[in-house]
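Inspection log for the structure reproduced underneath, given as structure tokens.
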Amino acid sequence: MKVSAVILSGGKSSRMKFNKAFALLNGKKIIKYVIDSLENYFDETLIISNEPSLYEEFRLPIHKDLFPHFGPISGIHAGLTLATNEVIVVCACDMPFINADVLTYLASKIDDYDCAVPLVNNRLQPLVATYHRKCLPLFEHALFVNDLKLTELVEHRLNSLIIDDSNLRNFGVLERIFYNVNNMETLLLAEKMVREA
């Protein structure tokens, strides 16, 4: 099965005061950690951002939201629409320790479902998940009616496979794999995690 990797980088990074995708972690941009983890695992890797010129250095296809400024639902919608393949794995740009094996596993489980989404420590992780293009009409409807809660869409509208974290522990420490950097405190903690590793 061919799978496209979609890196979502459309957030305003209001808590960081600057674009968190470009925050330096041990001298390396956070989004570059994500790219390096995913780029060679999937059939294609693309970035969704409403500021494409900022990402040209990474030499990947870059696409804008088709419904700009509607949050992660619009980013996933763009990925589903513009990716070459019907199945996509998505990852937020602020997750430097993401493990491509986890996303490959999720993609392998999608079968007849609309999406396969991890549940880690009783929290859904819809920004580290697999989606099939057949659920695109439900994403479009959510955008048209301004119903932008992604977890609500996953839990109540999509035919979702929720994968409990007990099925993911073999991939490593999930608290690290699913760690995201969204403010200076979490960035400093990530620096500590890199040093300890």
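Side chains are part of it too, since the values below use all heavy atoms of this structure and drop only hydrogens, waters and symmetry mates. We number each residue from 1, following the sequence as shown.
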### All pairs passing side chain to side chain donor-acceptor pair (under 3.5 Å) where residues 143-152 contributes a residue, at least two apart
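Applying side chain to side chain donor-acceptor pair (under 3.5 Å) to every pair that reaches into residues 143-152, excluding sequence neighbours, yields Asp147-Arg157.
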### Query
Tell me the salt bridge (Lys or Arg N to Asp or Glu O under 4.0 Å) pairs involving residues 82-92, sequence neighbours left out?
none
#### Entry: Sequence neighbours excluded - salt bridge (Lys or Arg N to Asp or Glu O under 4.0 Å) pairs with any residue from residues 58-82
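The answer is none; no pair qualifies.
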### Query
Do the numbers put Lys32 on top of the ring of Phe58, so that NZ or CZ is under 6.0 Å from the six-membered ring centre and no more than 45° off the axis?
no
Taking distance alone, no hydrogens or angles, what donor-acceptor pairs closer than 3.5 Å link side-chain atoms of residues 104-116 to residues at least two apart or in another chain?
unit_1: Thr104; atom_1: OG1; unit_2: Ala100; atom_2: O; d: 2.9
unit_1: Ser108; atom_1: OG; unit_2: Tyr105; atom_2: O; d: 2.6
unit_1: Asp114; atom_1: OD2; unit_2: Asn159; atom_2: N; d: 2.8

### Query
Mind checking what makes salt bridge (Lys or Arg N to Asp or Glu O under 4.0 Å) contact with Asp43, not counting sequence neighbours?
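Residues passing salt bridge (Lys or Arg N to Asp or Glu O under 4.0 Å) with Asp43: none at all.
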### Task
Could you list the residues that satisfy salt bridge (Lys or Arg N to Asp or Glu O under 4.0 Å) with Asp94, not counting sequence neighbours?
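Scan of Asp94 (salt bridge (Lys or Arg N to Asp or Glu O under 4.0 Å), adjacent residues dropped) gives Lys20.
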### Pairs satisfying ring-ring contact (aromatic ring centres under 6.0 Å, His included), at least one member in residues 78-103, at least two apart
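For residues 78-103, and leaving out neighbouring residues, there are no ring-ring contact (aromatic ring centres under 6.0 Å, His included) pairs at all.
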#### Entry: Pairs flagged by ring-ring contact (aromatic ring centres under 6.0 Å, His included) wherever residues 126-155 is involved - sequence neighbours left out
Phe67-Phe144, Tyr131-Phe139
According to side-chain contact (heavy atoms from CB on, under 4.5 Å), who are the partners of [X], at least two apart in sequence or on a separate chain?
| X | value |
| --- | --- |
| Glu57 | Phe22, Lys29 |
| Thr81 | Leu66, His77, Leu136 |
| Glu191 | Leu25, Asn26, Arg195 |

### Query
How about Glu44 and Thr84: does a side-chain donor come under 3.5 Å of a side-chain acceptor?
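Note: Glu44 and Thr84 side chains meet the donor-acceptor criterion.
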Between side-chain atoms of residues 119-126 and protein atoms elsewhere (two or more places apart, or another chain), which donor-acceptor pairs fall under 3.5 Å?
unit_1: Asn121; atom_1: ND2; unit_2: Glu175; atom_2: OE2; d: 3.2

